[in-house]
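Take a look at the structure below.
Naming convention: chains lettered A, B, ... in sequence-line order (proteins, then strands); numbering from 1 in each chain.
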Amino acid sequence: MTLTIYNTLTRSKEIFEPLEPGKVRMYCCGITAYDYCHLGHGRTCIVWDVVRRYLEWRGYQVKYVQNFTDIDDKILKRASAEGTSMAEVSERFIAAYFEDMERLNVRPADSYPRATQTLDGIKRLVYELEQKGYAYASQGDVYYSVGNFADYGKLSGKKLEDLQAGASGRVEVENPESQKKQDPFDFALWKGAKPGEPAWESSWGAGRPGWHIECSAMVREHLGETIDFHMGGGDLIFPHHENEIAQSEAVTGKPLANYWLHNGMVMVEGEKMSKSLGNFVTIRDALKQYNPMAVRLFVLQAQYRKPLDFTSEALVAATNGWKTLKEGLLFGYGRAINNKWEDNSPSPNPRTPPTPLGGGPPPQPIPWRNNFGKRWMRILTLLGV
RNA sequence: GGCGGCAUAGCCAAGUGGUAAGGCAGGGGCCUGCAAAGCCUUUAUCCCCAGUUCGAAUCUGGGUGCCGCCUCCA
């Protein structure tokens, strides 16, 4: 059976062909650790968790990497507001991330690289970009020159001319930061240190990495020059993922990822969730009111690329749905064990049993042998029960 | 304004040429001393217009609407 997926890069559904037979390398752009995770982060993590589980269930050996951005202006801003350090803030919210995701039954990735742990790789990439003529130093910063990368815009379907024309009215000419750039769409690879901010030594002087470069460096370090899946929220397509492609492919000359997958955004009561609208819902706040598995079911009932409206009515519906489903699953679980069903079908491959619902007894091998068992396993797999 | 995506009942969603699955919510009913649970039953012509076809939610063309991105964002 072939697996077909929508690839943002080609704007079409394609048949999945792994780079290496039987193996999948996937990278998901994670969070910037400056606040508690909201429902949008929750959706992203749940959706890609299911893809990962599904691929494993299909028998692929999956390596799943997700990053934490722990160097960033917003983290610094929060640290200075609290009178603490950047590390203190990011540590706290990374810990909170793991708490939230565990409650949502999101399985941990295989590794969680952080920007602060990837400085060597980042500096090497910036250096190589500079050597190849894609980057230039400017007053302590280093910028990527988008005009030198012929494929710039291929992921988001934007042309540099259109971008420049569309932005002509809003590029802040007075901003001293933008005056360091040769082109308004050039972006920072390395930012020179400001007084009192954390900084790392480099050949361009003390400073810190820009946002986009860390992902290019981490993918290269943990998964290789080309990977199968690169995922993230749809709002990352431009500029973040576009810039990652520009950085990585300029250096390696190879595709960064064969398939680019993006999930839809979360709305709240019909409006886009944003801090300015004040309808920003954190995962932990939502879980005070709703069962985590009901939230998970709600997210998974919707098509992953569509916008998802978080309404109390929809959550009540999902809560009821989960209640019914859970009873059925518990019934099936007991029945499978009582009947001593065994897995003797050739495919898909046997797998480790799911974690029991809400704690419960230790997992036992899940036996199944007929269509009922297969379907049931599929439901368990997809829900991540 | 530019680029991209989506459009089936209150919400989610199956369905890829033959007269619209299912779930949740809502209405009606059964059961019960009451309640809960459970059970039964009920709710759409598929955004609009034109075309292709014996026949279209499913194909073609044109509209409309919604969403995202174009600035930090999952």
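The OH-P distance, from Tyr36(A) to A74(B), rounds to 17 Å in whole Å. Following rounding to the nearest Å, Asn67(A) (CG) and A74(B) (P) show an atom-to-atom distance of 10 Å. The interatomic distance linking Trp260(A) (CH2) with G5(B) (P) rounds to 18 Å, in whole Å. Rounded to an integer number of Å, the gap from Asn263(A) CG to C6(B) P is 15 Å. In this structure, the CZ atom of Phe68(A) is 12 Å from the P atom of A74(B), given to the nearest Å. Separating the NE2 atom of His241(A) from the P atom of G68(B) is a distance of 19 Å, rounded to the nearest angstrom. Residue Lys154(A) contributes atom NZ, which lies 17 Å from atom C1' of C3(B) at whole-angstrom precision. Distance Phe310(A) CZ to C12(B) P: 13 Å, rounded to the nearest Å.
With hydrogens and angles ignored, no donor-acceptor pair under 3.5 angstrom links the side chain of His262(A) to the base of A74(B). For Lys159(A) against C3(B), no side-chain N or O and base N or O form a donor-acceptor pair under 3.5 Å.
Residue Val266(A) is classed as a base contact, given a heavy-atom separation below 4.0 Å to a base. Contacts of Ile237(A) with the nucleic acid, taken as non-hydrogen atoms under 4.0 Å apart, are absent. Using a 4.0 Å heavy-atom cutoff across all strands shown, Gly233(A) reaches sugar-phosphate atoms only and no base atom. Residue contacts shown for Gly42(A) are absent, as no nucleic acid heavy atom lies under 4.0 Å away. No engagement by Tyr97(A) is indicated, since no non-hydrogen atom pair under 4.0 Å with the nucleic acid exists.
The list of salt bridge (Lys or Arg N to Asp or Glu O under 4.0 Å) pairs with a residue in residues 306-320 of chain A, not counting sequence neighbours, is empty. Residue pairs meeting the salt bridge (Lys or Arg N to Asp or Glu O under 4.0 Å) criterion with at least one member in residues 203-216 of chain A, sequence neighbours excluded: Asp73(A)-Arg208(A), Glu197(A)-Arg208(A). The list of side chain to side chain donor-acceptor pair (under 3.5 Å) pairs with a residue in residues 227-244 of chain A, not counting sequence neighbours, reads Tyr152(A)-Asn243(A), Ser156(A)-Glu242(A), His212(A)-His240(A), His212(A)-Asn243(A), His230(A)-Glu244(A), His240(A)-Glu244(A), His241(A)-His262(A).
Side-chain contact check for Asn263(A) and Thr44(A): at least one donor-acceptor pair (N or O, by modelled atom type) lies under 3.5 Å.
With both pairing distances under 3.5 Å, A57(B) is matched to nothing as a Watson-Crick or G-U wobble pair. G4(B) is paired with C67(B) under the criterion used here, namely a Watson-Crick or G-U wobble arrangement in which both key atom distances are under 3.5 Å. Look at G38(B): its Watson-Crick or wobble partner, with both distances under 3.5 angstrom, is C30(B). In this structure, A74(B) makes no Watson-Crick or G-U wobble pair, since no nucleotide meets both defining distances under 3.5 angstrom. U52(B) is unpaired under the Watson-Crick or G-U wobble criterion, no partner having all donor-acceptor distances under 3.5 Å. Under the Watson-Crick and G-U wobble criteria, each requiring two contacts below 3.5 Å, nucleotide G10(B) is paired to C24(B).
Separation of the C1' atoms belonging to G22(B) and C47(B) is 23 Å when rounded to the nearest angstrom. Nucleotides U45(B) and G38(B), compared at atom C1', are 34 Å apart to the nearest Å. When the C1' atom is compared between G28(B) and U43(B), the two are found 11 Å apart, to the nearest whole Å. Comparing the same atom, C1', in A13(B) and in A7(B) gives a spacing of 14 Å after rounding to whole Å. Separation of the P atoms belonging to C46(B) and U58(B) is 9 Å when rounded to the nearest angstrom. Spacing between A9(B) and C3(B) at atom P, rounded to whole Å, works out to 30 Å. Taking atom P on both G26(B) and G2(B), the two are 45 Å apart, rounded to the nearest angstrom. The gap from the P atom of A56(B) to that of G63(B) amounts to 24 Å, rounded to the nearest Å.
Of the two residues near RNA chain B, Ser156(A) and His240(A), the one whose nearest nucleotide lies more 5' is Ser156(A). Mapping Gly157(A) and Met265(A) onto RNA chain B by nearest heavy atom places Gly157(A) closer to the 5' end of the strand.
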### Query
Stepwise, does the ring pair (Phe, Tyr, Trp, His ring centres under 6.0 Å) test hold for Tyr34(A) with Phe93(A)?
CA-CA 6 Å; Tyr34(A) 75 105; Phe93(A) 290 113; 7.8 Å; no
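With sequence neighbours excluded, no residue forms a side-chain hydrogen bond (donor to acceptor under 3.5 Å, both in side chains) with Thr226(A). Residues meeting the salt bridge (Lys or Arg N to Asp or Glu O under 4.0 Å) test with Glu128(A), sequence neighbours left out: Arg220(A).
Using a 4.0 Å cut-off, no side-chain N or O of Lys306(A) falls inside it from OP1 or OP2 of C66(B).
Distances from the side chain of Ala302(A) to the nucleotides C12(B), C6(B), C70(B) place C12(B) closest. When distances run from any side-chain atom of His41(A) to the nucleotides C11(B), C67(B), A74(B), the shortest one goes to A74(B). In this structure, the nucleotide among U71(B), C67(B), C69(B) sitting nearest to the side chain of Pro307(A) is C67(B). Of all nucleotides listed (A74(B), C12(B), G5(B)), A74(B) comes nearest to the side chain of Leu236(A).
Taken together through direct or relayed side-chain contacts under 4.5 Å among Ile, Leu, Val, Met, Phe, Trp and Tyr, Leu236(A) and Met267(A) form parts of separate hydrophobic clusters.
Side-chain contact between Asn7(A) and Ser12(A): absent, with no pair of heavy atoms (C-beta onward) separated by less than 4.5 Å.
Tyr60(A) approaches Lys23(A) most closely through the heavy-atom pair CD2-N, 4.0 Å.
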Polar atom pairs between nucleotides 25-31 of chain B and protein, under 3.5 Å, N or O only, would you list them?
residue: A25(B); atom: OP1; partner: Asn320(A); partner atom: ND2; Å: 2.8

